[in-house]
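If you're wondering where the values come from, they're calculated on a predicted model, not measured in any experiment. Every number for a ligand or one of its atoms is a count from 1 in the order of the listing.
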Amino acid sequence: MTATITAFAASPDRGQGLARDMRVRWAFEEVSQPYDVRLVSFAEMKAAEHLARHPFGQIPTFEEGGLTLFESGGIILHIAESHPGLLPDDPDGRARAIAWMFAAVNTVEPPILERSMAWLLERDKPWYEARLPMLDANVRNRLDQLSAHLGDAEWLDGAFSAADVMMVTVLRRLGSSGILQDYPTLAAYIARGEARPAYQRAFAAQLEVFKAATGG
Ligand SMILES: N[C@@H](CCC(=O)N[C@@H](CS)C(=O)NCC(=O)O)C(=O)O
């Protein structure tokens, strides 16, 4: 049975692959599983049919057989547990990879998101310039620590895993910030993720949706 995920019919990221269906698409591609996509408008996301899939009216969701899931991390964990290739076989390595998945969304993503939401929603407000140094410092604090952990390693913990799918997609949101120029270790880590054929297939599929929506 082919799973169906939801994605923005018209993504506000303008084809940058930042919407969170990207990480789910990437996970499917890594484990060579096909998937269908149901595109939803902003109005549809807030309507009863979609709220039955996602209590917060967001994307992505996942449906397969009788199972409906929301939360990109939960969806990717389910994919990784259902198909080989995204989690180590040994229990300790598996537990560490899952911990890194949580770290990506719970420790690293929040300051990055706060900074990008401030830019999106508050950059014309009188307090924005005063707030920016604090937002930057919070992001840089996490990047310093992550960079120190990564060191010369290719991936977060041994072989490539679902943790790297999560972390690379979280870090990509900083692409237009200029901050990553100060973190060559992390820039190279992101580039390694983006170079994976599975990533490129997922990105191309998401870009097709953007092109179709904009006639580009
Ligand atoms: N923690 C959730 C966040 C989901 C989320 O923020 N989705 C965004 C798109 S990337 C969304 O649907 N935004 C529209 C909205 O919240 O109305 C996850 O990782 O799946």
Option of least heavy-atom distance to atom 1 (N) of ligand 1 (set: H50, E71, Q58)
E71
So between R23, H54, M166, K46, whose heavy atom ends up nearest atom 17 (O) of ligand 1?
K46
Measure from the side-chain N and O atoms of H149 to the backbone N and O of L156, and report whether any donor-acceptor pair falls under 3.5 Å.
yes
Give me the residue, atom name and distance of the protein heavy atom closest to [atom].
atom	answer
atom 13 (N) of ligand 1	F8 CZ, 3.8 Å
atom 7 (N) of ligand 1	I59 O, 2.8 Å
atom 19 (O) of ligand 1	S72 OG, 2.6 Å
atom 6 (O) of ligand 1	R20 NH1, 3.1 Å

For ligand 1, is any non-hydrogen atom under 4.0 Å from F56's backbone (N, CA, C, O), its side chain (CB onward), both, or neither?
neither
Is the closest side-chain donor-acceptor distance between E114 and N138 under 3.5 Å?
no
Can you tell me which residue pairs pass the side-chain hydrogen bond (donor to acceptor under 3.5 Å, both in side chains) test with a partner in residues 63-76, sequence neighbours excluded?
R23-S72, R38-E63, R53-E63
Check this for me: does any side-chain nitrogen of one of D164 and R192 sit under 4.0 Å from a carboxylate oxygen of the other?
no
Taking the basic N atoms (NZ, or NE/NH1/NH2) and the acidic carboxylate oxygens, is any pair closer than 4.0 Å for D21 and R25?
yes
Quick one: salt bridge (Lys or Arg N to Asp or Glu O under 4.0 Å) partners of E122, sequence neighbours excluded?
R131
What atoms of ligand 1 come closer than 4.0 angstrom to any heavy atom of P60?
20 (O)
Does atom CZ of F102 have more than 12 heavy-atom neighbours from other groups under 6.0 Å away?
no
Would G73 count as a contact residue for ligand 1, given that I'm defining contact as a non-hydrogen atom of the residue lying under 4.0 Å from a ligand atom?
no
Should F70 be listed as contacting ligand 1, given a heavy-atom distance under 4.0 Å as the test?
no
